[in-house]
Engineer: 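Quick one: structure below, then a few questions.
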Amino acid sequence: MAGTVTVPGANVPSTPLLKDELDIVIPTIRNLDFLEMWRPFFQPYHLIIVQDGDPTKTIKVPEGFDYELYNRNDINRILGPKASCISFKDSACRCFGYMVSKKKYIYTIDDDCFVAKDPSGKDINALEQHIKNLLSPSTPFFFNTLYDPYRDGADFVRGYPFSLREGAHTAVSHGLWLNIPDYDAPTQLVKPKERNERYVDAVMTIPKGTLFPMCGMNLAFDRDLIGPAMYFGLMGDGQPIGRYDDMWAGWCVKVICDHLSLGVKTGLPYIWHSKASNPFVNLKKEYKGIFWQEDIIPFFQNVTIPKECDTVQKCYIYLSGQVKEKLGKIDPYFVKLADAMVTWIEAWDELNPTAAAANGKAKEERLIQQQLL
């Protein structure tokens, strides 16, 4: 009898979901050997690699991947003076990849994250689960006690309003991590050996009006629905704070999603977070944020976006004004951050003109051409 042959990636769909509609964005300062483990799942997709730190350093990418790589020199060349809004020496630089992508969906992952296994020992295709989350509705207006009612084997429970069962479009899929938890520095210091071994087979919608600490290491979103709000702020080199980049984006995104009736899901999929960062280094980065967040959270809990703000860009510009007015009293950093938020939107719109603006420009160019003939 012939032996059984295991084909790498055999559990990957023959036609990968959203193959031509999704970019994978990876921030890094090192060679991307970790992609070998992800090859069965990532190879069909286009990668956008944002190299942080020294732009003269060569980043090696395993053969066979379709990718484009941007370093700081590229960011300065493409954005010019507006490059000031992109963080340096911080993983927040990843949001440049969101800006230059032309796809509808984005998945972003850190380079110290590997393929996790489910309780049966099967490799978890995190990307596929994120896509399923994004392509199914969310339920932000009424909590379903069976969590996601759109999953196989689940449904709306008794008492759930029928008028709300169509759900809302899902803008964000927030995945979790096994092994190294996503803790702040004080918690790391008191629980240095703690590991997350709990695999919870659940996806849920974060209710409207509820904030959450978004982690950027295993995250997917609908770029068309919420992309302009996925700005990871000014962090890292030259800034008084770090490690709040993804959380800042998450607070802005959630408030805007609530205003625009969009959904945010959290739970599956899990990845394996392999490396704990230094808690003493983290404490230095987080120190001011630990104090500031006690004012930042109430700010986002109480901010009300006017109904006239009917696009993500309008919402975000309004938020930037509120940040300057309300949080600017805490520290001048927030005035600088608010200005960077406006610069981010200006740069986004330059690289991603709306269809109307593009059509109007094309029409104008045609008229000029006709006049010249």
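Atom set for the values below is all heavy atoms of this structure, side chains included, hydrogens, waters and symmetry mates excluded.
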Engineer: State plainly whether one hydrophobic cluster holds both Ile290 and Ile296, where clusters connect Ile, Leu, Val, Met, Phe, Trp and Tyr through side-chain heavy atoms under 4.5 angstrom apart.
Structural biologist: yes
Engineer: Ala185: which residues meet the side-chain contact (heavy atoms from CB on, under 4.5 Å) condition with it, sequence neighbours left out?
Structural biologist: Gln188, Asn282, Leu283, Glu286
Engineer: Have His130 and Asn218 got a donor and an acceptor in their side chains that come within less than 3.5 Å?
Structural biologist: yes
Engineer: Kindly compute the distance separating CE (Met217) from NE2 (His273), expressed to the nearest 0.5 Å.
Structural biologist: 4.0 Å
Engineer: Students often mix this up, so state it plainly: with edges at 30° and 60°, are the rings of Trp251 and Phe300 parallel, tilted or perpendicular?
Structural biologist: tilted
Engineer: Does the ring center of Tyr199 lie less than 6.0 Å from the ring center of Tyr270?
Structural biologist: yes
Engineer: My understanding is that only one of Tyr98, Phe96, Trp248 makes a ring-ring contact (aromatic ring centres under 6.0 Å, His included) with Phe232; could you say which?
Structural biologist: Tyr98
Engineer: Any chance the side chains of Asn144 and Thr139 put a donor and an acceptor closer than 3.5 Å?
Structural biologist: no
Engineer: Quick check: are there more than 12 heavy atoms from other residues, nucleotides or ligands sitting under 6.0 Å from NE2 of His46?
Structural biologist: yes
Engineer: Determine, using ring centers only, whether Tyr45 and Phe65 are less than 6.0 Å apart.
Structural biologist: no
Engineer: Assign the ring pair Tyr287 / Phe291 to parallel, tilted or perpendicular, where the plane angle (0 to 90°) is split at 30° and 60°.
Structural biologist: perpendicular
Engineer: Below 6.0 angstrom between ring centroids: does that apply to Tyr244 and Trp292?
Structural biologist: no
Engineer: Can you name the residues that form a side-chain contact (heavy atoms from CB on, under 4.5 Å) with Phe162, not counting sequence neighbours?
Structural biologist: Arg165
Engineer: If I take atom CD1 from residue Ile106 and atom SG from residue Cys95, how far apart are they, to the nearest 0.5 angstrom?
Structural biologist: 11.5 Å
Engineer: Backbone N or O of Asp33 within a donor-acceptor pair of the Asn31 side chain at under 3.5 Å?
Structural biologist: no
Engineer: Applying a strict under-4.5 Å side-chain criterion to I, L, V, M, F, W and Y, I'd like to know whether Ile124 and Val203 cluster together.
Structural biologist: yes
Engineer: Where does the angle between the aromatic ring planes of Trp38 and Phe42 fall among parallel (under 30°), tilted (30 to 60°) and perpendicular (over 60°)?
Structural biologist: parallel
Engineer: Ring centres of Phe156 and Tyr150 under 6.0 Å apart?
Structural biologist: yes
